[in-house]
Amino acid sequence: MARLIFDLDGTLVDSLPAMLASANRMLTEFGRAPVSPETCSDFVGRGVRVLVTRLLEHTGGLPGGDVEPALARYHAIYGADPVTGTTVYPGARRALMALAAAGHGLAVCTQKPSGPARDILTSLALMPPVSGLTCGDSLDVLKPDPRMFAHAAEQLPPGEAVVIGDGLADAQLAAAAGVPFLLRMGGYGEQPRSDVPVAGRFTHFDELPELVARVASARVVS
């Protein structure tokens with residue numbers, strides 16, 4: 001049985017509408033023009049500070065050279081309601097239930113702060129079957145630092161580990177931890193480069209249980 005370490009945004013849930021609404025409200029309060037979904041999506045994946053910094057740079061620069069006021073405002077806005085507008089990708093809940101029933105351990109490793117992350121997972125009935133949670137405020141590092149992987153994996157029973165995500169930071173996390181990476185196609189932000197290993201790709205979650213079984217079995221055999 002495997003320890004499955006999932007990303008959250010763009011992997012298990014489409015949270016872009018909620019993040020975009022919070023981002024544009026914050027930008028409006030700072031006298032900036034709103035951004036498009038595509039622009040906001042491009043900036044997701046490296047943590048909230050990077051998201052807010054890139055949003056401000058894109059719309060005119062950091063006010064007074066300081067990201068902190070806008071960052072605090074975004075946290076307050078998004079933290080008040082991260083669930084409205086956020087949806088589970090088709091088949092994701094069913095796939096998680098099947099994976100848990102097969103004996104795999106499930107954890108989420110996300111750059112998102114723990115409050116919004118837990119709100120989303122519990123409100124959308126993903127926790128359980130997800131039992132482990134590592135967030136952007138769990139440690140003093142973010143993905144792709146392998147300590148994020150270790151923190152998530154240690155919450156699960158022993159077994160071969162697999163990272164499942166939608167972007168470059170997740171692929172780099174798996175590479176840094178020395179474990180296989182499965183890419184959910186169509187997510188957010190930077191995509192894995194050709195020099196970052198990808199053990200498998202899937203478009204719909206109905207494909208995931210079989211893909212996990214194949215990759216985990218290959219790890220055990222090797």
Side-chain angles (χ1 to χ4, degrees), residues 1-15 83 86-112 114 116-136 138-139 142-167 169-187 192 196-222:
M1 298 302 102
R3 296 179 290 177
L4 306 179
I5 313 299
F6 288 87
D7 175 49
L8 183 59
D9 301 305
T11 298
L12 292 176
V13 301
D14 181 8
S15 52
V83 177
T86 298
T87 56
V88 181
Y89 283 117
R93 187 182 294 109
R94 181 171 61 248
L96 293 181
M97 295 294 290
L99 290 165
H104 300 300
L106 312 180
V108 161
C109 182
T110 175
Q111 313 281 43
K112 191 184 294 296
S114 55
R118 192 173 294 276
D119 285 348
I120 289 169
L121 288 168
T122 55
S123 296
L124 299 183
L126 297 177
M127 192 174 197
V130 171
S131 61
L133 181 58
T134 296
C135 300
S138 296
L139 303 171
L142 295 174
K143 294 184 291 186
D145 192 297
R147 285 172 285 180
M148 289 284 282
F149 165 85
H151 188 277
E154 287 166 0
Q155 299 174 56
L156 303 176
E160 295 291 339
V162 179
V163 172
I164 302 163
D166 70 310
D170 304 309
Q172 291 173 327
L173 177 72
V179 302
F181 173 67
L182 300 180
L183 175 66
R184 195 199 82 80
M185 306 296 291
V196 180
V198 176
R201 294 172 170 82
F202 66 100
T203 302
H204 194 281
F205 273 91
D206 287 350
E207 307 167 61
L208 185 59
E210 182 179 349
L211 186 57
V212 165
R214 184 165 69 246
V215 171
S217 297
R219 291 279 288 180
V220 171
V221 170
S222 62

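Quick caveat, the model's predicted, so the values are computed rather than measured. For the single chain, residues carry numbers from 1 onward in sequence order. The basis for the numbers below is simple: all heavy atoms, side chains too, and nothing from hydrogens, waters or symmetry mates.
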(request) Kindly write out the residues that satisfy side chain to side chain donor-acceptor pair (under 3.5 Å) with S123, not counting sequence neighbours, or none if the list is empty. (result) none

Quick one: does any side-chain atom of [X] pair with a main-chain N or O of [Y] as donor and acceptor, under 3.5 Å?
| X | Y | answer |
| --- | --- | --- |
| T134 | A152 | yes |
| E210 | E207 | no |
| R93 | A95 | no |

Going from [atom1] on [X] to [atom2] on [Y], what distance comes out if it is rounded to the nearest 0.5 angstrom?
| X | Y | atom1 | atom2 | value |
| --- | --- | --- | --- | --- |
| E154 | F149 | CD | CZ | 9.0 Å |
| R147 | S138 | CZ | OG | 13.0 Å |
| M127 | T122 | CE | OG1 | 8.5 Å |
| R118 | C135 | CZ | SG | 7.0 Å |
| I164 | L12 | CD1 | CG | 8.0 Å |
| I5 | H151 | CD1 | NE2 | 11.5 Å |

Quick one: does [X]'s side chain get under 4.5 Å of [Y]'s, heavy atoms only?
| X | Y | value |
| --- | --- | --- |
| P129 | L99 | no |
| P192 | F181 | yes |
| T110 | F6 | no |
| P157 | M1 | no |
| L96 | F205 | no |
| L156 | L106 | no |
| M148 | Q111 | yes |
| L121 | L8 | yes |

(message) Show the nearest heavy-atom pair for residues G165 and D170, with the distance to one decimal.
(response) CA-OD2, 3.6 Å

(request) Might you point out which heavy atoms bring A174 and P180 nearest each other, and give the distance in Å? (result)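 Minimum heavy-atom separation between A174 and P180: CB-O, 3.9 Å.
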
(request) Sorted by first residue and then second, give each side chain to side chain donor-acceptor pair (under 3.5 Å) pair with at least one member in residues 3-14; sequence neighbours left out. (result) D7-T11, D7-K143, D9-S15, D9-K112, T11-D166, D14-Y188

(message) side chain to side chain contact (heavy atoms under 4.5 Å, CB included) for V212 and V162? Distances and angles first, verdict last.
(response) CA-CA 8 Å; V212 165; V162 179; 5.5 Å; no

(message) Can you list everything that forms a ring pair (Phe, Tyr, Trp, His ring centres under 6.0 Å) with Y89? Sequence neighbours excluded, please.
(response)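 Partners of Y89 by the ring pair (Phe, Tyr, Trp, His ring centres under 6.0 Å) criterion come out as none, since no residue qualifies.
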
